[in-house]
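Accompanying notes for the structure given below.
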Amino acid sequence: KIDDKTTSISAIGEVKSALSVLSSSLSTLVGKTSLAVSSNSTAVTATISDPSTATKLNSAMTISALATGQTLAFTGYSATTAVVGAGSLVLERGDWSSGSFVANAKTASKSLTVASTDTLASLRDKINALNYGVTASIIGSGDDTYNLVLKSNEGKENALRITATENPSGSGLSSIDNSSTNSSKQKIAGVDATIVVDGMTLTRSSNKITDLFEGYTVSLTSTTSTTANLTASVNTAEATSNLQSLVTAINNLKEVLNAK
């Protein structure tokens, strides 16, 4: 009886081992694809984001502009601990490309109360805490003055308009306002990426594009001087190897079960 039990335990172990190999073989196939993606340029790459919808790909692309976020600088503060002035700030996202601000209808504005004790450093932290698609930092000018620098997310419609209301009047908070002085506060304009794909001129607000080719994420890293080619084709060697592994695992499990 002991030998019978030992044999049974051994048989169970063999079956479990065969099932484990089969499971590993299946994992290389489920939710994956044998498409291999390549690019002849470091300016653009692509990855498969959805194997169930990705198909063969062969497209020519040029990149004339990358998407960038707006950069604003509010300058001349004597220290990071300098008081900025009491009141409130209203932050809006939108487009300055025409010279006048056009608010982004999809994004609501946000308001920020600035206390009389708020410093350049504490205001930076309050702006970052808004989670409004803007990163605030402080940069030293090198002449014992400091700048509050605001960088928005990529895309021309993510640029910022900041409107200050001083309370009391003359508190100094109006220095952090670009509603009528954007040209002097703006150091880098927010712009969209401009690309030509198979002869079609397109724009995108981000350099990471998820809606260009179904099942793919395309990443832009630089402009191009020559045409970049994105291709995706079936890696037959990989597909054959994966299927052969599955067939071998199934046959092995069958042999183990028949032997028991």
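The structure presented is a predicted model; accordingly, all values stated were derived computationally and were not measured.
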Determine whether Ile138 and Leu120 satisfy the following criterion, side chain to side chain contact (heavy atoms under 4.5 Å, CB included), listing intermediate values before the conclusion. CA-CA 8 Å; Ile138 297 173; Leu120 195 64; 4.0 Å; yes
Output the distance between atom OG (Ser205) and atom NZ (Lys156), rounded to the nearest 0.5 Å. 10.5 Å
CD-CD distance between Gln70 and Gln186, expressed to the nearest 0.5 angstrom: 4.5 Å
Passes side-chain hydrogen bond (donor to acceptor under 3.5 Å, both in side chains), Glu166 versus Ser174? Steps please. CA-CA 7 Å; Glu166 296 183 336; Ser174 60; 2.9 Å; yes
Test your reading of the model: is there a side-chain donor-acceptor pair from Asp95 to the backbone of Val102, 3.5 Å cut-off? no
Qualifying residues under ring pair (Phe, Tyr, Trp, His ring centres under 6.0 Å), relative to Phe74, sequence neighbours excluded: none
Between the side chain of Asn178 and the main-chain N/O of Lys185, is any donor-acceptor distance below 3.5 Å? no
Could you report the tightest heavy-atom contact between Leu148 and Ala136, atom names first, then the distance? CD1-CB, 4.5 Å
Other hydrophobic cluster members with Ile139, side-chain heavy atoms of Ile/Leu/Val/Met/Phe/Trp/Tyr under 4.5 Å, chained? Val149
Applying side chain to side chain contact (heavy atoms under 4.5 Å, CB included) between Ile195 and each of Leu66, Val44, Leu220, Thr203, report the one that passes. Leu220
Search all heavy atoms of Ser111 against all heavy atoms of Val90 and return the closest pair with its distance. OG-CG2, 3.8 Å
Quick one: does Asn158's side chain have a donor or acceptor within less than 3.5 Å of a partner on Gly69's backbone? no
Under 4.5 Å side-chain linkage, directly or through intermediates, the cluster mates of Val196: none
Could you walk me through whether Ser39 and Thr45 pass the side-chain hydrogen bond (donor to acceptor under 3.5 Å, both in side chains) test, one step at a time? CA-CA 6 Å; Ser39 170; Thr45 59; over 6 Å; no
To the nearest 0.5 Å, what is the distance between CG on Leu57 and OG on Ser233? 9.5 Å
Does anything in residues 216-230 pair up under side chain to side chain donor-acceptor pair (under 3.5 Å), and if so which pairs, sequence neighbours excluded? none
Ile162 vs Leu150, side chain to side chain contact (heavy atoms under 4.5 Å, CB included): CA-CA, chis, key distance, verdict: CA-CA 11 Å; Ile162 303 176; Leu150 305 182; 3.2 Å; yes
Do the side chains of Leu230 and Leu202 join up, straight or via other hydrophobic residues, at under 4.5 Å, putting them in one cluster? yes
Full working for side chain to side chain contact (heavy atoms under 4.5 Å, CB included) between Thr80 and Thr119: CA-CA 7 Å; Thr80 61; Thr119 65; over 6 Å; no
Does Lys208, at its NZ atom, have more than 12 non-hydrogen atoms belonging to other residues, nucleotides or ligands within less than 6.0 Å? no
Quick check for you: to the nearest 0.5 Å, what is the distance between Ser116 atom OG and Leu173 atom CG? 11.5 Å
Please identify each residue that fulfils salt bridge (Lys or Arg N to Asp or Glu O under 4.0 Å) with Asp143, with sequence neighbours left out. none
Between Asp118 and Ala115 (side chain of the first, backbone of the second, donor and acceptor by atom type, cut-off under 3.5 Å), is there such a pair? yes
Would a single hydrophobic cluster contain both Val134 and Val191, if residues Ile, Leu, Val, Met, Phe, Trp and Tyr are joined by side-chain heavy-atom contacts under 4.5 Å? no
Could you grab the distance from atom CG of Asn104 to atom CZ of Arg161, nearest 0.5 Å is fine? 12.5 Å
Keeping Ser206 on the side-chain end and Ile209 on the backbone end, is there a donor-acceptor pair under 3.5 Å? no
Please determine whether side chain to side chain contact (heavy atoms under 4.5 Å, CB included) holds for the pair Leu91 and Leu89, giving the CA-CA distance in whole Å, both sets of side-chain angles, and the decisive distance to 0.1 Å. CA-CA 6 Å; Leu91 282 70; Leu89 298 175; 4.1 Å; yes
Same cluster or not: Val83 versus Leu123, using hydrophobic residues (I, L, V, M, F, W, Y) connected whenever any side-chain heavy atoms lie under 4.5 Å apart? no
Correct closest heavy-atom pair for Ile63 and Ala43 would be CD1-O, 3.7 Å
Indicate whether any N or O donor in one side chain lies under 3.5 Å from an N or O acceptor in the other, for Ser59 and Asp198. yes
To the nearest 0.5 Å, how far apart are OG1 in Thr231 and CG in Asn40? 8.0 Å
Hydrophobic clusters join Ile, Leu, Val, Met, Phe, Trp and Tyr when side-chain heavy atoms are under 4.5 Å apart, directly or via other members; which others share one with Phe101? Trp96
Tell me whether Ser171 contacts the main-chain N or O of Ala86 through its side chain, where contact means a donor paired with an acceptor under 3.5 Å. yes
Output yes when a side-chain donor or acceptor of Lys110 lies under 3.5 Å from a complementary backbone atom of Leu130, and no otherwise. yes
Check whether any side-chain N or O of Tyr77 sits under 3.5 Å from a backbone N or O of Val84 as a donor-acceptor pair, and report yes or no. no
Nearest heavy-atom contact between Ala54 and Leu35 is O-CD1, 3.6 Å
Give the C-alpha distance, both sets of side-chain angles, the deciding distance and a yes or no for side-chain hydrogen bond (donor to acceptor under 3.5 Å, both in side chains) between Asn207 and Glu154. CA-CA 8 Å; Asn207 294 317; Glu154 294 171 349; 3.1 Å; yes
Can you tell whether the side chains of Arg204 and Asp211 come within less than 4.0 Å, N to carboxylate O? yes
Just by distance, do the side chain of Lys126 and the backbone of Thr113 share a donor-acceptor pair under 3.5 Å? yes
With distance as the sole test, does Thr107 use its side chain to make a donor-acceptor pair with the main-chain N or O of Glu92 at under 3.5 Å? no
